[in-house]
Amino acid sequence: MKKLPPAFYEQEDVVQIARALLGKVLYTNWNDGPAKGRIVETEAYAGLQDKASHAYRGNTPRTQVLFETTGTAYVYLCYGLHQMFNIATNTKGIPHAVLIRAVAPLEGIELMLQRTGKKMADASLTRGPGNVGKAFGFHRSQSGWSLQSNALYIADDGYEVPDEAIGISPRIGVDYAGADALLPYRFYIKGNPYVSGKVKL
DNA sequence: CTGACGATTCACT
DNA sequence: GTGAATCGTCAGC
């Protein structure tokens with residue numbers, strides 16, 4: 001397992017990054033133990049050109065991380081209860097991001113059960129961005145954390161996702177974005193039980 | 001300071 | 001299919 005280097009996050013095309021993150025391993029280890037999971041669903045948010053992106057509205061205290069850092073976590077609270085984990089990409093000054101929507105648990109299942117209050121490790125444990133945030137213990141105070149940290153990073157363990165196993169669709173929950181809601185910026189591994197929404201083949 | 005609302009989830013009908 | 005939970009963020013006064 002090797003951490004993805006800063007150069008990975010600095011690539012220009014956020015959509016390519018979203019595609020490339022499928023199959024990679026998300027790792028966290030705060031104060032209460034390690035958790036690991038394979039990324040099976042992502043969405044790209046193309047900053048200023050994209051009405052669905054938080055950054056579309058400009059640089060605010062919340063979105064500052066997107067504008068001023070790269071290769072860092074962008075964590076925010078949605079609907080007052082869900083911690084959503086994103087990755088800030090591209091060079092500084094360009095507020096692109098990738099949302100991690102779903103993960104398949106690899107390690108630290110007990111910890112995830114404890115955090116989510118679930119008793120059984122079924123597919124709902126890490127399916128959907130709100131659940132991923134909860135299972136991995138993300139909190140908005142972690143926004144701005146480097147992904148080169150020992151407590152938080154994304155790694156490549158050699159697992160590869162063939163092109164034919166990748167599904168592409170419009171993003172979920174962004175209807176308010178008008179035409180931009182139709183952009184094919186969502187990537188997922190076909191047939192994986194942890195992928196949120198309807199399963200398309 | 002105030003008010004409207006959201007990159008969602010889950011329980012219930 | 002419908003609706004509640006729940007609070008930080010941001011625009012507007």
Side-chain angles (χ1 to χ4, degrees), chain A residues 9 14-15 17-19 21-22 26 37 39-69 72-90 94-105 112-145 147 154 167-189 192-200:
Chain A
Y9 305 105
V14 66
V15 177
I17 297 175
R19 154 70 181 85
L21 281 170
L22 286 181
L26 169 65
I39 296 169
V40 300
E41 185 181 359
T42 62
E43 281 180 2
Y45 285 85
L48 298 175
Q49 291 79 250
D50 182 358
K51 289 194 185 69
S53 170
H54 285 167
Y56 179 75
R57 298 223 168 236
N59 189 337
T60 67
R62 179 175 65 158
T63 59
Q64 188 178 22
V65 166
L66 297 175
F67 284 84
E68 300 186 3
T69 67
T72 49
Y74 169 56
V75 186
Y76 79 97
L77 187 65
C78 183
Y79 293 98
L81 49 149
H82 300 296
Q83 312 287 339
M84 313 279 253
F85 170 61
N86 303 248
I87 299 162
T89 68
N90 210 302
I94 301 186
H96 288 184
V98 175
L99 169 67
I100 304 303
R101 287 192 59 87
V103 153
M112 296 182 193
L113 289 173
Q114 191 181 316
R115 284 169 174 158
T116 57
K118 294 179 189 294
K119 290 174 183 160
M120 297 290 294
D122 64 4
S124 74
L125 186 61
T126 52
R127 178 170 72 186
N131 290 327
V132 171
K134 198 192 287 184
F136 281 82
F138 282 107
H139 183 270
R140 64 182 207 83
S141 65
Q142 284 140 0
S143 203
W145 270 67
L147 291 176
I154 293 173
I168 303 176
S169 83
R171 292 168 293 184
I172 293 177
V174 295
D175 293 342
Y176 61 85
D180 287 340
L182 301 175
L183 294 169
Y185 281 4
R186 172 170 174 257
F187 297 87
Y188 59 94
I189 297 180
N192 188 291
Y194 292 94
V195 173
S196 64
K198 291 180 182 175
V199 181
K200 288 184 190 173

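Treat the numbers as computed from the prediction; the structure is a model and nothing was measured. Protein chains get the first letters and strands the later ones, always in sequence-line order, with residue 1 at the start of each.
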Per-nucleotide protein contact along nucleotides 1-13 of chain C, 5' to 3', at a 4.0 Å heavy-atom cut-off (B base, S sugar-phosphate only, - neither), is ----BBBSSS---
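- With a 4.5 Å cut-off on side-chain heavy atoms, A/Val15 and A/Tyr185 count as touching.
- Between A/Lys118 and B/dC10, a side-chain N or O to OP1/OP2 separation shorter than 4.0 Å is present.
- A/Asn86 comes within 4.0 angstrom of a base, heavy atoms only.
- With both pairing distances under 3.5 Å, B/dG3 is matched to C/dC10 as a Watson-Crick or G-U wobble pair.
- Atom-to-atom, NE2 of A/His54 to C1' of B/dT8 comes out at 12 Å; the value is rounded to the nearest Å.
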Run the numbers on A/Ile100 and A/Ile39 for side-chain contact (heavy atoms from CB on, under 4.5 Å), then give the verdict.
CA-CA 7 Å; A/Ile100 304 303; A/Ile39 296 169; 4.0 Å; yes
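- The distance between atom OH of A/Tyr56 and atom C1' of B/dG6, rounded to the nearest whole Å, is 17 Å.
- Contact check for A/Tyr76 versus A/Arg140: no side-chain heavy atoms found under the 4.5 Å cut-off.
- For the C1' atoms, the distance from C/dG3 to B/dC5 is 16 Å, rounded to whole Å.
- None of A/Thr42, A/Leu99, A/Ile172, A/Ile168 except one satisfies the side-chain contact (heavy atoms from CB on, under 4.5 Å) rule with A/Arg186; the exception is A/Ile172.
- Each of A/Arg171, A/Arg127, A/Arg101 was scored for a salt bridge (charged side-chain N to carboxylate O under 4.0 Å, His left out) with A/Glu41, with one residue passing: A/Arg101.
- Considering only side-chain atoms of A/Ile172, the nucleotide from B/dT9, B/dT8, B/dA7 that sits closest is B/dT8.
- For the pair A/Tyr74/A/Arg62, a side-chain contact is recorded, criterion being any heavy-atom separation below 4.5 Å from C-beta on.
- In this structure, CZ of A/Arg101 is placed 11 Å from P of B/dA7, rounded to the nearest angstrom.
- Taking atom CG on A/Leu125 and atom P on B/dC10, their separation rounds to 10 Å, with Å as the unit.
- Proximity of A/Tyr176 to the phosphate of B/dA7: a side-chain N or O atom is located under 4.0 Å from OP1 or OP2.
- Taking atom CG of A/Asp175 as the reference point, atom P of B/dC5 lies 16 Å away to the nearest angstrom.
- Going from atom CE of A/Met84 over to atom C1' of B/dT9 covers 10 Å, rounded to whole Å.
- Atom-to-atom, CG of A/Asn131 to C1' of B/dT9 comes out at 7 Å; the value is rounded to the nearest Å.
- Between A/Phe85 and A/Phe138, the ring planes are parallel. Angles under 30° get that label, and only those over 60° would be called perpendicular.
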